[in-house]
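Worksheet: the structure to be examined is printed underneath.
Per chain, numbering begins at 1; letters A, B, ... match sequence-line order.
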Amino acid sequence: GAVVSQHPSWVICKSGTSVKIECRSLDFQATTMFWYRQFPKQSLMLMATSNEGSKATYEQGVEKDKFLINHASLTLSTLTVTSAHPEDSSFYICSASGQANQPQHFGDGTRLSIL
Amino acid sequence: GQQLNQSPQSMFIQEGEDVSMNCTSSSIFNTWLWYKQDPGEGPVLLIALYKAGELTSNGRLTAQFGITRKDSFLNISASIPSDVGIYFCAAGANSKLTFGKGITLSVRP
């Protein structure tokens with residue numbers, strides 16, 4: 001149980017393109033979903049927390065107009081990197097949690113490469 | 001901000017050996033978790049701890065939530081080659097997680 005699916009697993013696109021990443025909880029309802037960014041050989045950095053039906057809460061230093069998050073249902077959250085540039089290249093990982101105090105379960109991540 | 005300390009950055013052990021990893025913080029947390037991440041994949045939950053002093057096992061893995069709520073350790077017994085990967089500790093407060101920098105474990109056959 002507690003399977004989280006992330007799509008796509010990797011994407012390469014030109015600078016200026018907007019990229020959408022989907023995160024789905026397959027066998028449970030996720031009241032809260034989280035988006036992280038991970039640079040090579042580093043830890044996970046929380047970007048934002050989203051609750052179904054409400055606006056995402058962004059961490060300090062994360063541009064909310066750059067990284068658009070939508071959590072329209074209890075099983076789906078999306079992250080859109082708008083007008084992506086090479087410095088946005090990274091490994092983006094989502095996680096989902098059911099009820100409060102339940103652990104976060106992670107998707108397999110999306111490798112984003114902006115040329 | 002809150003930080004979790006994991007060291008060393010890398011560990012090298014022989015297949016069959018036991019290994020212990022520690023994670024410490026200057027802050028108190030209500031939840032401690034251990035995740036394993038393989039290259040190019042997301043972290044996989046190994047053990048979740050919710051109560052100070054709690055000792056929990058998952059197969060060859062054992063983890064404890066420190067009594068002070070500021071630390072946790074993970075033990076892997078009788079290591080096998082597939083134990084290689086990056087082991088992250090994470091600690092939670094108010095549903096958000098703070099992650100350690102991870103320990104890369106290598107297992108020599």
Side-chain angles (χ1 to χ4, degrees), chain A residues 1-10 21 23-26 28 30-52 56-62 90-113, chain B residues 1-11 21 23 25 29-52 54 56 58 61 63 65 69 72 74 84-106:
Chain A
V3 178
V4 176
S5 173
Q6 195 171 332
H7 179 80
S9 55
W10 60 271
I21 303 170
C23 181
R24 295 180 185 272
S25 57
L26 297 186
F28 67 103
T31 53
T32 309
M33 286 186 168
F34 304 84
W35 288 95
Y36 294 83
R37 185 172 180 175
Q38 187 179 32
F39 292 104
K41 297 189 178 182
Q42 294 195 19
S43 188
L44 285 77
M45 281 178 29
L46 180 64
M47 298 174 66
T49 303
S50 74
N51 290 295
E52 184 262 339
T57 302
Y58 290 81
E59 294 299 300
Q60 193 173 7
V62 178
S90 190
F91 192 52
Y92 292 88
I93 315 174
C94 72
S95 72
S97 176
Q99 298 176 5
N101 296 325
Q102 287 191 347
Q104 293 180 30
H105 295 276
F106 286 83
D108 274 342
T110 297
R111 174 74 57 194
L112 177 62
S113 296
Chain B
Q2 297 171 327
Q3 288 186 331
L4 300 185
N5 303 307
Q6 278 187 274
S7 65
Q9 193 173 356
S10 302
M11 299 181 79
M21 304 177 189
C23 186
S25 171
F29 289 97
N30 297 323
T31 306
W32 284 85
L33 306 102
W34 287 90
Y35 289 88
K36 176 175 182 268
Q37 185 178 30
D38 291 328
E41 298 183 11
V44 174
L45 179 67
L46 299 175
I47 293 180
L49 303 158
Y50 298 102
K51 191 176 177 181
E54 179 182 358
T56 298
N58 177 9
L61 278 59
F65 188 149
R69 293 196 282 158
S72 176
L74 173 72
V84 300
I86 304 174
Y87 290 81
F88 288 100
C89 64
N94 300 321
S95 82
K96 289 203 302 188
L97 290 181
T98 299
F99 280 81
K101 291 188 175 181
I103 293 176
T104 300
L105 180 66
S106 299

(message) Could you tell me if B:Ser72 and B:Trp34 have a donor-acceptor pair between their side chains, going purely by distance under 3.5 Å?
(response) yes
(message) I'd like to know if the side chain of A:Ser97 and the backbone of A:Gln102 have a donor-acceptor N/O pair within less than 3.5 Å.
(response) yes
(message) So which residue, A:Gln42, A:Gln104, A:Gln38, ends up with the most heavy-atom pairs under 4.5 Å with chain B?
(response) A:Gln104
(message) At a 4.5 Å cut-off on heavy atoms, which part of B:Gln6 comes close to chain A: side chain, backbone, both, or neither?
(response) neither
(message) Given heavy-atom pairs under 4.5 angstrom as the criterion, report whether the side chain, backbone, both or neither of A:Glu59 touches chain B.
(response) side chain
(message) Please report the interatomic distance CG(B:Leu33) to CD1(B:Ile47), rounded to the nearest 0.5 Å.
(response) 10.0 Å
(message) Applying side-chain contact (heavy atoms from CB on, under 4.5 Å), can you list everything that pairs with B:Lys36, at least two apart in sequence or on another chain?
(response) B:Asp38, B:Leu46, B:Tyr87
(message) Given heavy-atom pairs under 4.5 angstrom as the criterion, report whether the side chain, backbone, both or neither of A:Ile93 touches chain B.
(response) side chain
(request) Under 4.5 Å, counting heavy-atom pairs only, tell me which of B:Ala48, B:Pro39, B:Ala90, B:Gly40 racks up the most with chain A. (result) B:Gly40
(request) Mind checking ring pair (Phe, Tyr, Trp, His ring centres under 6.0 Å) for B:Phe88 and listing every partner two or more places apart, or none if nothing turns up? (result) none
(message) Please classify the contact between A:Thr49 and chain B as side chain, backbone, both or neither, with a heavy-atom cut-off of under 4.5 Å.
(response) side chain
(request) Taking the side chain as every heavy atom from C-beta outward, state whether A:Val4 and A:Cys94 have any pair of such atoms under 4.5 Å apart. (result) yes
(request) Check whether B:Leu97 gets within reach of chain A through its side chain, its backbone, both or neither, counting any heavy atom under 4.5 Å. (result) both
